[in-house]
Amino acid sequence: MRALWPLARPLLHALDPERAHDLTLRALAALPLPAPAADDPRLAVDAFGLRFSNPIGLAAGFDKNGTIAHKAGALGFGFTEVGTLTPLAQPGNPKPRLFRLTNDKAVINRFGFNNQGHAQALALLRKGPAVLGVNVGANKDAADRVADYVAGIRAFVGIADYFTINVSSPNTPGLRDLQKPDALDELLARVLDARDAKAEMFGRRPVLLKIAPDLALADLDDIVRVARTRRIDGMIISNTTISRPPAIAAHRRGGEVGGLSGRPLFELSTQMLAATFLRVERQFPLVGVGGVDSADAAFAKLEAGATLVQLYSALVYEGPGLVDRIKRGLLDRLGTSRPADVLGRTAAGLAASL
């Protein structure tokens, strides 16, 4: 697959972006992939009570329904996150809803939690060598959105290694209101109760909270306070942004409604990561995501406060060889150190620029 990427990329990029993505998933599901090579022990990370062979993960959104979760290790990832999954299948927002901004190595999407629902995902999901996360959300028309998150915990507790609570997608109206303190406190309380009720049977599954990069610092203060009070296991920083840097705003597709990801998200998401790291005070680990397209970018996330790193949009432009290139580059930059040795050492300076 890595050798074929230079030929496949122009063919895929000639197609509608969502069609190209669907074909990629089908190909990955159909192709026999070799067993993953063992990762260098220097890349191993312990977080949330789990062991990761390397700190690079496949972010939610790429494999919404769990079609290829068991193959993530063969692609070089140390962990993968499926979803966002909602209790009932839903089509999401009208098409077209995915746009490439090729010159900027960026993507805009407004999918709206399109997925096949809990039952179909459970039928598809298989465990592989990579740690498996399940990202849960609420149906657009749910009368009780918190109940939908609880249903996600109950549905996948037997197979998930960890859960992500997604309250930060900009593409479901009103969803980000769940980041407000009172709403977030109720959501986390009910989710954690559901998790704990199953702990004796399945073990205590870590619960992570995924937040937006567009928060005011006062709002971030509130979110971290609630997260620490409720003793969640970690946070993911960040989801896509509704902001548009000048270069993107000037693009012919820059005005498309939806979340911006890829390289233009890197600076904002990394600053928000650093600000969160300082506020969390090492009470739990963080996952850095947003604009990771190189070893330099991944290393910068670690230095900003990430224990683990996720990527997705960069695969559109860099192909499947990116993960191995990042891991080799991290080893070069780490030398005899481990990822934990560089954790957060640039956070104070980055957070000051917000």
Side-chain angles (χ1 to χ4, degrees), residues 39-57 59 78-79 81 131 133 162 164 168 179 206-239 241 263 265-311 326-327 329-354:
D39 282 316
D40 189 300
R42 284 177 293 162
L43 291 178
V45 172
D46 293 307
F48 324 119
L50 300 171
R51 178 77 168 181
F52 299 79
S53 65
N54 74 73
I56 309 302
F79 65 111
E81 191 171 306
V131 171
Y162 73 87
T164 295
S168 50
Q179 295 178 126
V207 170
L208 283 60
L209 176 68
K210 188 170 186 175
I211 65 172
D214 307 305
L215 297 162
L217 291 180
D219 296 328
L220 179 62
D221 289 337
D222 289 336
I223 289 171
V224 171
R225 174 180 52 78
V226 173
R228 290 182 62 169
T229 300
R230 286 293 173 187
R231 296 181 178 273
I232 67 168
D233 299 280
M235 291 175 63
I236 300 179
I237 297 95
S238 66
N239 214 314
T241 179
R263 185 173 291 175
L265 177 58
F266 176 79
E267 182 177 4
L268 175 61
S269 63
T270 308
Q271 290 171 337
M272 186 61 68
L273 167 66
T276 306
F277 177 79
L278 297 178
R279 286 160 172 76
V280 166
E281 297 178 313
R282 299 180 185 252
Q283 292 299 300
F284 46 71
L286 305 178
V287 181
V289 56
V292 176
D293 59 6
S294 65
D296 283 340
F299 193 68
K301 293 287 188 185
L302 300 178
E303 290 185 303
T307 295
L308 300 164
V309 175
Q310 289 179 323
L311 59 87
I326 288 177
K327 291 192 294 186
L330 284 180
L331 288 170
D332 289 342
R333 287 156 182 78
L334 287 168
T336 59
S337 299
R338 304 288 288 270
D341 297 330
V342 303
L343 180 68
R345 66 185 185 187
T346 65
L350 286 169
S353 60
L354 267 179

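Between the CD1 atom in Ile236 and the CG atom in Leu208 there is a gap of 5.0 Å [rounded to 0.5 Å]. For the atom pair CG of Leu220 and CD1 of Ile237, the computed distance is 8.0 Å after rounding to the nearest 0.5 Å. Atom CD of residue Gln271 and atom CG of residue Leu217 lie 10.0 Å apart, to the nearest 0.5 angstrom. Taken to the nearest 0.5 Å, the CD1 atom of Ile211 stands 10.0 Å off from the CG atom of Asn239. How far CG of Leu331 is from OG1 of Thr336: 11.5 Å, rounded to the nearest 0.5 Å. Distance check, rounded to the nearest 0.5 Å: CE of Met272 to CG of Leu350 gives 12.5 Å.
By the 4.5 Å heavy-atom criterion applied to side chains, Asp219 and Gln179 are not counted as neighbours. Using a 4.5 Å heavy-atom threshold, the side chains of Leu43 and Pro55 count as touching. Using a 4.5 Å heavy-atom cutoff, the side chains of Asn54 and Leu330 are not in contact.
Here the side chain of Ser53 pairs no donor or acceptor atom with the backbone of Asp39 at under 3.5 angstrom. When atom types are taken as modelled, the side chain of Ser168 and the backbone of Lys210 share a donor-acceptor pair closer than 3.5 angstrom. For Asp233 (side chain) and Val207 (main-chain N/O), a donor-acceptor pair under 3.5 Å exists by modelled atom type. Using modelled atom types, no side-chain atom of Glu81 and backbone atom of Thr164 make a donor-acceptor pair closer than 3.5 Å. Side-chain N or O atoms of Arg279 include none that pairs as donor or acceptor with a backbone N or O of Ile223 at under 3.5 Å.
Closest approach of Ala274 and Ala347 over heavy atoms only: CB-O, 3.4 Å. Nearest heavy atoms, Phe48 versus Leu308: CE1-CD1, 3.6 Å. Nearest heavy atoms, Arg51 versus Ala44: NH2-CB, 3.4 Å. Closest approach of Ala212 and Ser238 over heavy atoms only: C-CB, 4.0 Å. When all heavy atoms are compared, the tightest approach of Lys301 to Leu273 is O-CD2, 3.5 Å.
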For this session: Take Arg225 and Asp222, measure what salt bridge (charged side-chain N to carboxylate O under 4.0 Å, His left out) needs, and give me the verdict at the end.
Result: CA-CA 5 Å; Arg225 174 180 52 78; Asp222 289 336; 3.7 Å; yes
May I have the list of side-chain donor-acceptor pairs in residues 282-299 shorter than 3.5 Å, sequence neighbours left out?
from: Asp293; atom 1: OD2; to: Arg263; atom 2: NE; distance (Å): 2.8
from: Asp293; atom 1: OD2; to: Arg263; atom 2: NH2; distance (Å): 2.9
from: Ser294; atom 1: OG; to: Asp296; atom 2: N; distance (Å): 3.4
from: Ser294; atom 1: OG; to: Ala297; atom 2: N; distance (Å): 3.1
from: Asp296; atom 1: OD1; to: Arg333; atom 2: NE; distance (Å): 2.7
from: Asp296; atom 1: OD1; to: Arg333; atom 2: NH2; distance (Å): 2.6

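Other residues, nucleotides and ligands contribute only 12 or fewer heavy atoms inside 6.0 Å of the CZ atom of Arg231.
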